[in-house]
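This report concerns only the one structure given below.
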Amino acid sequence: MTHYQSIYKDLHGPAGVVAGCFVFVALVLSIFLIFQHLRSYTNPAEQKWIVGVIFMVPVYATESILSFWSPKLSLACDILRNCYEAFALYAFGSYLIACLGGEQKVRELLEDESKQTKKPLLDRPETPKLQKKKLRYFILRPSELGKDLLTIEKFGLVQYMILKTLCAFLAFVLELLGVYGDGQFKWYYGYPYMAVVLNFSQMWALYCLVQFYNVTHERLQAIKPLAKFISFKAIVFATWWQGVGIALFCYFGVLPREGNFQTGLQDFLICIEMAIAAVAHIFVFSAKPYHFLPVSEYRKITAEKSEVVLKIKGEEAKPAILEKEEMEVKAPGTSVKESVQDIVVEGGQKVVKDVVLTINQAIEPVEKGVTKIQETFHEISVSSGENKEEETQVKVEEHEQNVTEDGSQFFSAEEKIVS
């Protein structure tokens, strides 16, 4: 046993206790907050995605502490975390869309934003040159894209969810074959290639979310979007780069590579970070705004009237009565079972629909390319067939001409004989 391995073994027990305490705090706070939303499930369009984002903390905390206590479960826990991370990013984007009134309302909003610009992109005729410029407009002037910005944003989030899930299961298969090499930056392992692919995919997804936020943040001021955006982005972005950074430090010898130090350190830090994230979620994704309903949506109003009698000292003591009337529309408690059912069924259907749409959008250019190639080959085959027909006709004409000439010479010979 090396020196680092002995140190790791000595610290593993106390570190596990500390990590367990942080995980306990994270689980209690997150489950309490989720239960509050389920009991006050007054806005399903928004809250189904809020619960999805909050549930990321219990998932991360649970899989990290299990992986820390039992390194053999590290890969399985990592797959679970990666899959849910991708879904949580999608859920946060869907939450922003729901806060804006839904997809149709967002399309109208983005169209209005594009019309306010000097040269709206969508008012120009659709040309292949314009299609090539859309990426540049998305980077420099996303507000001019109009409703296309929503399509790009959803595509960016869903492509990451699909790639993250596929790479997670691919990592499991490669690990069974012994060629995954978790944290090993060597060309004959699958880890570095998958890390590069997922890095670009995640960066693109987060950039799409940032561009969408930049265009719509003024309409989202009621929900204080900056705090929500930072708290969520810190979990997804920081944990990913934290793992890559630890792997690089271990690879270059800054941190020891012996034993399970790399995965153990990552799991320990995530346990601590999830407790901090759970505390932040209590304030950022509070359920209090959903405890009450607008007066127009609920008929029963609870009114409280209080009177306070004050005696004013002076020459003429006269009582002064202050009246204060408060009205609140309290939302009735909702069934936790029905709330969970709505989240699972309605949310699941929405996810499947967007995944199918994204796959179709990704396949469409490929189909166009294949069709164009087939048309090109068809034109080549048709043109070559026509050339062959022309050559055949020329040969037939030459043959007929030769036969005619030979026939004339034959008949001329017969005439000579007769004569």
Side-chain angles (χ1 to χ4, degrees), residues 2 4-5 7-27 30 56-86 88-89 160 164-165 167-172 174-175 180-186 189-199 201-203 206 231-278 280:
T2 62
Y4 289 114
Q5 288 178 341
I7 295 177
Y8 176 80
K9 186 176 180 181
D10 293 336
L11 295 178
H12 187 268
V17 175
V18 174
C21 294
F22 279 100
V23 168
F24 178 77
V25 173
L27 292 178
S30 297
M56 180 172 58
V57 171
V59 171
Y60 271 46
T62 303
E63 65 85 20
S64 295
I65 194 64
L66 289 176
S67 177
F68 185 83
W69 284 339
S70 180
K72 294 181 180 180
L73 300 175
S74 177
L75 184 60
C77 293
D78 191 53
I79 291 174
L80 176 63
R81 180 175 60 195
N82 290 337
C83 292
Y84 199 85
E85 175 191 319
L89 186 61
Y160 176 64
K164 191 78 170 178
T165 304
C167 287
F169 287 100
L170 180 60
F172 179 73
L174 294 178
E175 182 67 19
Y180 178 59
D182 189 15
Q184 300 294 323
F185 289 89
K186 297 179 180 179
Y189 284 136
Y191 173 80
Y193 304 105
M194 294 174 61
V196 171
V197 172
L198 290 177
N199 181 36
S201 178
Q202 186 191 64
M203 293 292 291
L206 288 173
S231 64
F232 174 78
K233 189 176 178 181
I235 297 175
V236 176
F237 194 75
T239 54
W240 164 255
W241 279 105
Q242 178 178 275
V244 174
I246 292 173
L248 288 173
F249 284 147
C250 291
Y251 178 76
F252 290 108
V254 179
L255 294 175
R257 288 183 286 183
E258 289 82 356
N260 300 308
F261 178 82
Q262 178 179 325
T263 57
L265 179 60
Q266 171 74 341
D267 293 331
F268 178 76
L269 293 177
I270 290 178
C271 290
I272 298 174
E273 292 160 356
M274 289 307 103
I276 299 174

**Study point:** Heavy-atom pair of closest approach, residues I270 and S64
**Key:** CG2-OG, 3.0 Å

Check your understanding: Which atom pair, heavy atoms only, marks the closest approach of I65 to C271?
Key -> N-SG, 3.8 Å

Point to revise | Donor-acceptor contact present, side-chain S201 to main-chain V197, <3.5 Å | key: no

Point to revise | For E63, salt bridge (Lys or Arg N to Asp or Glu O under 4.0 Å) partners two or more places apart | key: R81

Check your understanding: Parallel, tilted or perpendicular for Y180 and Y191, by the 30°/60° rule?
Key -> perpendicular

**Study point:** Flag if over 12 foreign heavy atoms under 6.0 Å of OH, Y193
**Key:** yes

Review point. Do F249 and Q262 come close enough that some side-chain heavy atom pair is under 4.5 Å?
Key: no

Review point. Are any of the side-chain heavy atoms of M203 and N199 separated by less than 4.5 Å?
Key: yes

Practice item. Quick one: closest heavy-atom pair of A15 and F68, and the distance? Key: CB-CZ, 3.7 Å

**Study point:** With L198 via side-chain contact (heavy atoms from CB on, under 4.5 Å) - residues at least two apart
**Key:** K164, C167, W240

Exercise for review: Answer yes or no: is there a side-chain heavy-atom contact under 4.5 Å between M56 and Y84?
Suggested key: yes

Check your understanding: Do you know the tightest heavy-atom contact between Y60 and I235?
Key -> CE2-CG2, 4.1 Å

Review point. So do the side chains of Y189 and M194 get within less than 4.5 Å of each other, counting heavy atoms only?
Key: no

Practice item. Only counting residues at least two apart or in another chain, list the ones meeting side-chain contact (heavy atoms from CB on, under 4.5 Å) with F24. Key: V28

Review point. Does the side chain of L66 come within less than 4.5 Å of D267's, by heavy atoms?
Key: no

Review point. Would you say N82's side chain and D78's backbone share a donor-acceptor pair under 3.5 angstrom?
Key: yes

Revision key, fill the gap. Between the CD1 atom in I246 and the CD atom in Q242, the distance rounded to the nearest 0.5 Å is 5.0 Å

Practice item. Taking all non-hydrogen atoms of both residues into account, name the closest pair between F268 and A19 and its distance. Key: CD1-CB, 3.9 Å

Exercise for review: Would you give the length of the straight line joining atom CG of L80 to atom CG of L73, rounded to the nearest 0.5 angstrom?
Suggested key: 11.5 Å

Point to revise | Heavy-atom pair with the smallest gap, counting every atom of A168 and C83 | key: CB-SG, 4.0 Å

